[in-house]
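One structure is given below, encoded as structure tokens.
The first residue in the sequence is number 1, and the count goes up from there.
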Amino acid sequence: MPRTPHTAADLPHLWLPYTQMQTAPFPVEAVRTSGSRITLADGRELVDGVAAWWTACHGYSHPHIYEALVRQAGQMPHVMFGGMVHEPAIRLAARLAEILPGDLERVFFTDSGSVTMEVAIKMAVQYHINRGTTGRTKILSFRGGYHGDTLGMMSICDPEEGMHSLFAGVLPEQVLADLPVDADSLARLEALLTERGGSIAAMVTEPLVQGAGGMLFHDPDVLRRLRDLCDRHGILLILDEIFTGFGRTGTMFACEQAGIVPDIVALSKALTGGTMALAATVARRHVFEAFLSDNAGHALMHGPTFMANPLACAVANASLDLFESEPRLEQVAAISAQLARELEPCRTLPGVKDVRVLGAIGVVELETLDDPDALRRAFVERGVWIRPFRNIVYLTPAFTITPDELTRLTTAIVDVLREGA
């Protein structure tokens with residue numbers, strides 16, 4: 001007689017992400033999604049507070065996106081993007097260029113956030129090489145930053161963040177600094193660039209919110225300082241808007257709040273409304289023009305197999321339709337106000353270090369969080385899906401969540417943290 005599964009190790013073949021399979025509890029099994037609800041195999045229904053790792057901005061199974069997916073599947077699910085193009089990709093690239101600030105106008109499609117950041121780094125380094133500049137091979141990134149789990153991206157994540165520390169001897173050495181959030185950190189960054197700026201190809205940061213590093217917020221002035229420093233030192237500025245793009249911080253793109261234009265921006269997650277894997281690296285005109293040459297070696301030699309997958313491009317176009325036809329940014333503003341109001345009681349609870357809200361991001365930072373799995377189980381018992389990590393409990397709901405559903409999420413956080421105090 002088969003035994004009842006107790007841990008993730010009881011799954012016969014799956015290897016789960018960010019999971020110690022021997023000790024992690026057996027995961028819940030989802031069978032259906034709709035709006036902001038996840039139905040489990042045992043019949044329970046959870047209100048999703050994470051929106052499928054921040055992607056399902058329109059909620060699950062939006063009919064307009066579903067119809068676009070079905071229509072494209074019946075016409076052309078996939079075709080190679082080497083020497084061949086298709087209308088969904090052409091239209092999506094044009095629409096992204098239209099809504100992005102400045103002359104961010106050349107779109108290179110990939111299929112994941114980490115890979116699109118790899119392409120951004122590759123573009124930046126080759127930009128300098130193609131222009132005949134030697135020695136600019138390093139990438140400057142910031143403490144608290146996270147940009148993905150592939151080898152190149154691991155090298156520019158915060159080494160103290162923990163997930164990638166085992167690979168220190170394998171990863172290329174890059175340049176790490178503190179975000180210039182005050183006069184002292186700005187002076188240190190300026191001194192670093194004076195000393196080493198000639199070796200740096202690009203500066204990389206997540207605008208306004210360092211997501212996986214702990215939902216760390218910074219002021220738009222920080223981005224303006226980075227833009228100025230990059231201009232003065234001949235360094236390209238890359239913004240990782242994989243998490244922050246498409247309304248999450250209250251504007252369509254986080255960089256808009258600083259009034260700056262990066263040289264390269266990386267997009268993914270909510271690009272398809274949480275329906276398909278798709279990402280885009282978008283470059284400004286001067287970056288693209290550095291690759292134009294009679295020399296074939298100056299081309300960008302990169303091409304993922306599922307680059308610009310027509311299904312993904314079709315649903316991304318449908319997602320952009322919804323941003324145009326439905327009041328997403330107004331919904332984000334309403335969510336922001338409700339999160340600020342309903343998470344405020346956490347501020348007085350023992351063990352709570354901070355409560356902060358930006359757009360449709362609500363964060364309760366704890367002094368310590370020893371057992372996130374136990375906390376997650378407590379939330380499931382209350383009918384909500386919230387996935388704490390590091391020392392934070394956070395909400396990044398769909399923009400279409402109802403006020404009552406959002407209250408269920410915030411009430412669960414307040415109650416669980418109060419009971420655990």
Side-chain angles (χ1 to χ4, degrees), residues 52 55-120 122-123 241-242 245-247 252-253 261-262 264-289 291-292 296 299-329 399-400:
T55 65
C57 54
H58 310 292
Y60 294 112
S61 307
H62 194 289
H64 183 66
I65 293 179
Y66 175 77
E67 289 163 9
L69 178 63
V70 172
R71 185 167 56 249
Q72 186 61 45
Q75 181 176 335
M76 183 175 63
H78 186 60
V79 69
M80 70 182 295
F81 210 65
M84 188 176 291
V85 296
H86 52 77
E87 190 276 339
I90 294 171
R91 184 157 59 99
L92 179 58
R95 295 177 77 180
L96 290 174
E98 182 178 1
I99 63 176
L100 282 162
D103 62 341
L104 285 160
E105 62 183 27
R106 286 289 175 167
V107 182
F108 190 96
F109 288 114
T110 57
D111 48 13
S112 76
S114 185
V115 173
T116 210
M117 280 298 298
E118 294 277 2
V119 171
K122 197 170 180 178
M123 280 181 182
E241 291 239 20
I242 290 166
F246 302 102
M252 195 64 172
F253 301 101
V261 181
I264 302 171
V265 65
L267 308 172
S268 189
K269 289 201 179 289
L271 175 58
T272 68
T275 305
M276 300 284 293
L278 185 68
T281 310
V282 188
R284 292 180 67 181
R285 187 176 305 134
H286 67 276
V287 175
F288 175 74
E289 288 176 348
F291 289 77
L292 300 180
L300 179 62
M301 302 303 289
H302 203 95
T305 302
F306 282 91
M307 177 180 182
N309 169 253
L311 284 175
C313 289
V315 298
N317 276 307
S319 176
L320 293 184
D321 291 343
L322 294 174
F323 276 104
E324 294 175 358
S325 63
E326 299 185 1
R328 290 292 176 264
L329 296 184
F399 304 159
T400 54

Of the options L278, L100, T281, which is the one that meets L267 in a side-chain contact (heavy atoms from CB on, under 4.5 Å)? L100

If you count the non-hydrogen atoms of other residues, nucleotides and ligands that lie under 6.0 Å from CE in M76, is the total more than 12? yes

In the structure I gave you, are the side-chain heavy atoms of L96 and L92 within less than 4.5 Å of one another anywhere? yes

Looking at G273 and C57, what are the two nearest heavy atoms and their distance? CA-SG, 4.1 Å

Would you mind reporting whether I264 and F288 have side-chain heavy atoms less than 4.5 Å apart? no

How about I99 and M252: do any of their side-chain heavy atoms sit closer than 4.5 Å? yes

Is a side-chain donor or acceptor of T116 paired with a backbone partner of G113 at a separation under 3.5 angstrom? no

E105 bridged to R285 by N-O distance under 4.0 Å: yes

Sorted by chain and number, sequence neighbours left out, ring-ring contact (aromatic ring centres under 6.0 Å, His included) with F399 holds for none

Are the side chains of V261 and P101 in touch, meaning some heavy atoms are under 4.5 Å apart? yes

Using the ring-ring contact (aromatic ring centres under 6.0 Å, His included) criterion, which residues pair with Y60? Sequence neighbours excluded. none

Applying side chain to side chain contact (heavy atoms under 4.5 Å, CB included) to R91 and L320, what does each step give before you reach the verdict? CA-CA 11 Å; R91 184 157 59 99; L320 293 184; over 6 Å; no

Rounded to the nearest 0.5 Å, the CD atom of E118 sits from the NE2 atom of H302 at a distance of 7.5 Å

Working note: I242 + M117, criterion side chain to side chain contact (heavy atoms under 4.5 Å, CB included); need CA distance, chi angles, decisive distance, verdict. CA-CA 9 Å; I242 290 166; M117 280 298 298; 3.7 Å; yes

Quick one: does P262's side chain get under 4.5 Å of L104's, heavy atoms only? yes

Can you tell me how far the CZ atom of F246 sits from the CZ atom of R328, to the nearest 0.5 Å? 13.5 Å

Compare all side-chain heavy atoms of F108 with those of L300 and state whether any distance is below 4.5 angstrom. yes

So does P88 get a backbone contact from the side chain of N317, meaning a donor-acceptor N/O pair under 3.5 Å? yes

Residues two or more places apart in sequence or in another chain: which of them pass ring-ring contact (aromatic ring centres under 6.0 Å, His included) with H58? F323

So do R106 and V287 actually touch side chain to side chain, heavy atoms under 4.5 Å? no

Treating K269 as the side-chain partner and A56 as the backbone partner, does any N or O pair qualify as donor plus acceptor under 3.5 Å? no

Can you give me the closest heavy-atom contact between A68 and A314, atom names plus distance? CB-O, 4.0 Å

Which residue pairs satisfy the salt bridge (charged side-chain N to carboxylate O under 4.0 Å, His left out) criterion with at least one member in residues 313-324, sequence neighbours excluded? R95-D321, R95-E324

Name all pairs fulfilling the ring pair (Phe, Tyr, Trp, His ring centres under 6.0 Å) condition that reach into residues 81-106, sequence neighbours left out, sorted by first residue then second. F81-H86

Ignoring hydrogens, what is the shortest heavy-atom contact between S319 and A270? Give both atom names and the distance. OG-O, 3.9 Å

Residue pairs passing the side-chain hydrogen bond (donor to acceptor under 3.5 Å, both in side chains) test with at least one member in residues 66-83, sequence neighbours excluded, are H78-N309

Gap between atom CD1 of I65 and atom CE of M276 - 0.5 Å precision: 11.5 Å

